[in-house]
Amino acid sequence: MNRRVIIVTAVHGPSAPFLPEAYASLCAQELPDGWEWRWVIQEDGRTRDVRPYVPDDPRVVFHQGRHGRQGGPGVTRTMALAHADGPYVKVLDADDRLTPGALARDLAALEADPSIGWATSRALDLLPDGSTAGFPGDPAHGPIERGVVLDFWKANGFRAQVHPATLLVRRDLLLALGGWMALPASEDTGLLLALGGVSRGWFSAEVGLLYRKWEGQETSRPSHADPAERTARMAVVEARARALASFGWRPPEGSEGADGAQGAQGAEGSEGFEDSEGFDGPRERP
């Protein structure tokens, strides 16, 4: 597979005007020699509202969904995976911005250690006046062991200590988990908890994302905080994560990171899930 990081962005009409800022943050990224990025912009629905904001750049591709019907950000991002032809997938919401060096740092973490399936980074809220604000609770810089994210999320009012909008993930692992959850919201948290249940992750203490806060974002709508729906979302997110935690993901056998570390399974075989005996099947998390 080519040495390409696929940036996946779900967008709808109200968030489309922010695409040029997201694009500028992508153009500021510098990757190691031989690596490149490709931006897949997927519209949730099919309108005339988004295309005018799509950059004219051969590294950028634009696709649309169904006319008159929206599936939500989870469905939209998962549809974008049809065009993800690189080994890594990076999330970038249409209204957010990457900080300089974010892609290279994430990529270095996964290339250096084949046992790490995903990476996140510190995020700052980007407020309407242009100022930024952080929040407490970031984990230590470095690896995040299996189960840690789920345990923290459960113990802290369903709030994870890492932000799913900063996610970089191995494409094959993302596909094995079915992409983003089919939920009206919290679909990215559901994916994050599932990833954290089956594989080790990485957290970069350097700021990797400016997370825009604005009145038009989906998470600001009253429906997002509806108690009955939120309770149902949290229940299915947790149940899925705990079910998946009985499986252990193994990196591609024979894979080699930038430091020369080889996957623990040997030189032949394929990526997949295994139990503690090395066979496909469930296992209990210690």
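It should be emphasised that the depicted structure is a prediction, and the values quoted were computed from it without experimental measurement.
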Side-chain donor/acceptor of T120 to backbone N/O of W202, under 3.5 Å: yes

Sidechain-backbone polar pair: D113 side chain, S115 backbone, donor-acceptor under 3.5 Å: yes

Whether over 12 other heavy atoms sit under 6.0 Å from E145 CD: yes

Sequence-distant partners of D96, salt bridge (charged side-chain N to carboxylate O under 4.0 Å, His left out), two or more places apart: none

Expected output: side-chain Q70 to main-chain D44 donor-acceptor under 3.5 Å: yes

Smallest separation among heavy atoms of V8 and A80, with atom names: CG1-CB, 3.8 Å

Sole candidate of D85, V61, L81 that passes side-chain contact (heavy atoms from CB on, under 4.5 Å) when paired with V40: V61

Test log, rule salt bridge (charged side-chain N to carboxylate O under 4.0 Å, His left out), inputs R3 and D33: CA-CA 10 Å; R3 294 164 67 85; D33 289 345; over 6 Å; no

Identified side-chain contact (heavy atoms from CB on, under 4.5 Å) counterpart of L209 within the set L124, L92, T99: L92

Within-4.5 Å side-chain heavy-atom neighbours: H163 and V91: no

Salt bridge flag under 4.0 Å for residues R59 and E36: no

Hydrophobic cluster membership, V11 vs L126, 4.5 Å side-chain cutoff: no

Donor-acceptor under 3.5 Å (Q64 side chain, T47 main chain): yes

Co-membership, hydrophobic cluster, residues W37 and V54, 4.5 Å side-chain: yes

Residue among V237, L150, L193 satisfying side-chain contact (heavy atoms from CB on, under 4.5 Å) with R242: L150

Residue pair R77 / V89, side-chain heavy-atom distance below 4.5 Å: no

Test ring pair (Phe, Tyr, Trp, His ring centres under 6.0 Å) applied to W180 - qualifying residues, sequence neighbours left out: none

Pair Y88-R171, side-chain donor/acceptor within less than 3.5 Å: no

S186 side chain reached by F158 side chain, heavy atoms, under 4.5 Å: no

Same apolar cluster (I L V M F W Y, side chains within < 4.5 Å links), V236/L195: yes

W35 vs L103 side-chain heavy atoms within contact, under 4.5 Å: no

Neighbour count >12 (heavy atoms, 6.0 Å) for atom CZ, R66: no

Test item: Q29 side-chain N/O and A102 main-chain N/O as donor-acceptor pair under 3.5 Å: yes

Side-chain donor/acceptor of R38 to backbone N/O of H83, under 3.5 Å: yes

S121 side chain vs T166 backbone, donor-acceptor pair below 3.5 Å: no

Any side-chain heavy-atom pair of H63 and M79 under 4.5 Å: no

Quick one: side chains of residues 16-23, donor-acceptor pairs under 3.5 Å with protein atoms, not counting sequence neighbours, listed by atom name and distance.
unit_1, atom_1, unit_2, atom_2, d
E21, OE1, R97, NH1, 3.4
E21, OE1, R212, NH2, 2.9
Y23, OH, D57, OD2, 2.6

Path from V148 to W118 over hydrophobic side-chain contacts below 4.5 Å: yes

pair V162-P139: side-chain heavy atoms closer than 4.5 Å: yes

Within one Ile-Leu-Val-Met-Phe-Trp-Tyr cluster: F135 and F203, side-chain cutoff 4.5 Å: no

Student check: side-chain heavy atoms of W249 and R170 closer than 4.5 Å: yes

D129, CG atom: more than 12 neighbouring heavy atoms under 6.0 Å: yes

Step-by-step side chain to side chain contact (heavy atoms under 4.5 Å, CB included) determination, M234 to W153: CA-CA 10 Å; M234 299 305 103; W153 174 86; 3.5 Å; yes

Non-hydrogen side-chain atoms of T76 and E43 separated by less than 4.5 Å: no

Polar side-chain atom of R146 near backbone of A245 as donor-acceptor pair, under 3.5 Å: yes

